[in-house]
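Contents: one structure, followed by commentary.
Order of appearance sets the numbers: ligands from 1, and atoms from 1 within every ligand. Please read all numbers here as calculations on a predicted model, not as lab measurements. When reading the values below, keep in mind they use all heavy atoms of this one structure, side chains included, and skip hydrogens, waters and symmetry mates.
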Amino acid sequence: MRFQVIGDPVLHSKSPVIHGAMLAALGLDIPYAAHTVRRGTLSQYLAWARDNGITGFNATMPHKEDLIPLLDGVDPLAQSIGAVNTVCLREGRWIGFNTDGGGAVAALRGSLGIDPGSMTVTLLGAGGAAKAVALALAQAGAERVWVCNRTLERAEELCAHDPRGRLAPEGFGGDALRRRAEQSQLLVNCTNLGMEGCGQFGDFSFLDALPEGAGVFDLIYHPAETELLAYARRRGLPTLNGLPMLVNQAVLALEHFLDRPLDRKTMAETAAAALKQN
Ligand code: NAP
């Protein structure tokens, strides 16, 4: 038995550190390594993995969507997201899951003390991560999630996947963001804006529109504090970066790999401590 994370590029991935620490804490001698898999070669990888004792792997760019039609089964949540980040061999069948959204909700609860149940949320972005987080927030009981995106059609397409009707599309203009922020107890950035090497927000007046005490969660962890989080912190709002989500999605992935529940809090603390030392 051994585990991997596949992608291209993947050698920068923090998953080997996170999973290595959790496996060691569990006393399990199971290797976990990063493995480069080029786009278009997933079928060959699945055959190779089966022959080489890989019983679970995580997937990152560019494979999260491309894997779906190649698997023997896909969990309903991952199917509606249209992407998997965790794949396990169960009785000879490759089964896919998506733990990104669950990791985000666990991070909000564990690290920010925020339960999204009954909340109105302003969520920025409509890409792969936004879809996983928006659906997880709706599943966790959020009353309304405004999915605000530069490309409105993408937000509309995302919202159409919510069977509960709690997701609603919105534009990305300043007025729209301020109007939705005014009504929200939580704002989540799922765009690339603020990530190292990417663009920046034009202005943060939508953060001024948030009510006192509203949480601000940025999925980005490079840099550790984005300009968005720094602005929110200076306004006195509780903030959270993407690292706790990264850690918590890994805990949920490991539960799938091992097919048993873990002490999630202890595992998350173990992984976070390993990342700090790395
Ligand atoms: P993606 O699918 O490429 O989506 C990118 C999103 O950003 C889209 O909504 C896009 O809008 C928006 N965007 C990009 N440039 C923009 C700009 N200049 N102005 C306005 N909107 C812009 O990416 P993803 O996979 O969802 O990842 C998004 C972010 O989440 C990344 O920073 C990634 O590192 C982070 N992430 C973190 C974790 C974690 O565990 N913490 C996990 C997954 C992802 P359009 O639709 O209009 O193009």
Exercise. Which bit of Ile220 gets closer than 4.0 Å to ligand 1, counting heavy atoms only: side chain, backbone, both or neither?
Worked result: side chain
Exercise. Tell me, which protein residue and heavy-atom name are nearest atom 8 (C) of ligand 1, and how many Å apart are they?
Worked result: Arg154 NH1, 3.7 Å
Exercise. Considering residues, nucleotides and ligands other than Arg50, do more than 12 of their heavy atoms fall under 6.0 Å from its CZ?
Worked result: yes
For this session: Measure centre to centre between the rings of His63 and Tyr45, then say whether the value is under 6.0 Å.
Result: no
For this session: Only heavy atoms count here, so choose which of Gly101, Cys190, Ala132, Gly127 is nearest to atom 28 (C) of ligand 1.
Result: Cys190
Problem set entry | N-O pairing of Asp8 and Arg39 below 4.0 Å | no
Exercise. Which residue owns the protein heavy atom closest to atom 12 (C) of ligand 1, what's the atom, and how far is it?
Worked result: Thr191 CB, 3.8 Å
For this session: Classify the contact between Leu193 and ligand 1 as side chain, backbone, both or neither, using a heavy-atom distance cut-off of under 4.0 Å.
Result: side chain
Exercise. Is it true that the side chains of Asp75 and His256 contain a donor and an acceptor less than 3.5 Å apart?
Worked result: no
For this session: List every atom of ligand 1 that sits less than 4.0 Å from any heavy atom of Ala126, numbering the atoms from 1 in the order shown and giving each element.
Result: 9 (O)
Exercise. Atom 42 (C) of ligand 1: which protein heavy atom is closest, and how many Å away?
Worked result: Met245 CE, 3.6 Å
For this session: Heavy-atom distances under 4.0 Å are what count here, so tell me which part of Thr151 touches ligand 1: side chain, backbone, both or neither.
Result: both
Problem set entry | For Leu246, atoms of ligand 1 separated by under 4.0 Å from a heavy atom | 40 (O)
For this session: Mark up the atoms of ligand 1 that fall under 4.0 Å of a heavy atom belonging to Phe172, in ascending order.
Result: 20 (C)
Problem set entry | Identity and separation of the nearest protein heavy atom to atom 33 (C) of ligand 1 | Met195 SD, 4.2 Å
Problem set entry | Protein heavy atom at shortest distance from atom 5 (C) of ligand 1 | Asn192 ND2, 3.6 Å
Seminar exercise, completed: If we number the atoms of ligand 1 from 1 as shown, the ones under 4.0 Å from a heavy atom of Gly125 are 9 (O)
Exercise. What protein heavy atom sits nearest atom 35 (C) of ligand 1, and how far away is it?
Worked result: Leu219 CB, 4.0 Å
Exercise. Does a side-chain N-to-carboxylate-O contact under 4.0 Å join Arg178 and Glu182?
Worked result: no
Seminar exercise, completed: Ranked by distance from atom 11 (O) of ligand 1, the top protein heavy atom is Asn149 OD1, 3.3 Å
Problem set entry | CG/Asp51: more than 12 non-hydrogen atoms of other groups inside 6.0 Å | yes
For this session: Run the salt-bridge test on Arg235 and Glu212 with the 4.0 Å N-O cut-off and return the result as yes or no.
Result: yes
Seminar exercise, completed: Filtering Pro244, Ala129, Gly128 for the heavy atom nearest atom 44 (C) of ligand 1 leaves Ala129
Exercise. Any nitrogen or oxygen of Leu243, main chain or side chain, under 3.5 Å from a nitrogen or oxygen of ligand 1?
Worked result: no
For this session: Specify the protein heavy atom at minimum distance from atom 22 (C) of ligand 1: its residue, its atom name, and the distance to 0.1 Å.
Result: Arg150 CZ, 3.9 Å
For this session: Without swapping roles, check the side chain of Asn241 against the backbone of Glu225 for a donor-acceptor pair under 3.5 Å.
Result: no
Problem set entry | Same cluster (ILVMFWY, side-chain, under 4.5 Å), Tyr32 and Phe57 | no
Exercise. Heavy atom of Gly199 under 4.0 Å from ligand 1?
Worked result: no
Exercise. Under a 4.5 Å side-chain heavy-atom rule over Ile, Leu, Val, Met, Phe, Trp and Tyr, are Leu187 and Leu108 clustered together?
Worked result: no
Exercise. Does one hydrophobic cluster hold both Val105 and Leu262, with members joined at side-chain heavy-atom distances below 4.5 Å?
Worked result: no
Problem set entry | Plane angle bin for Phe206 and Phe201 - parallel if under 30°, tilted between 30 and 60°, otherwise perpendicular | tilted
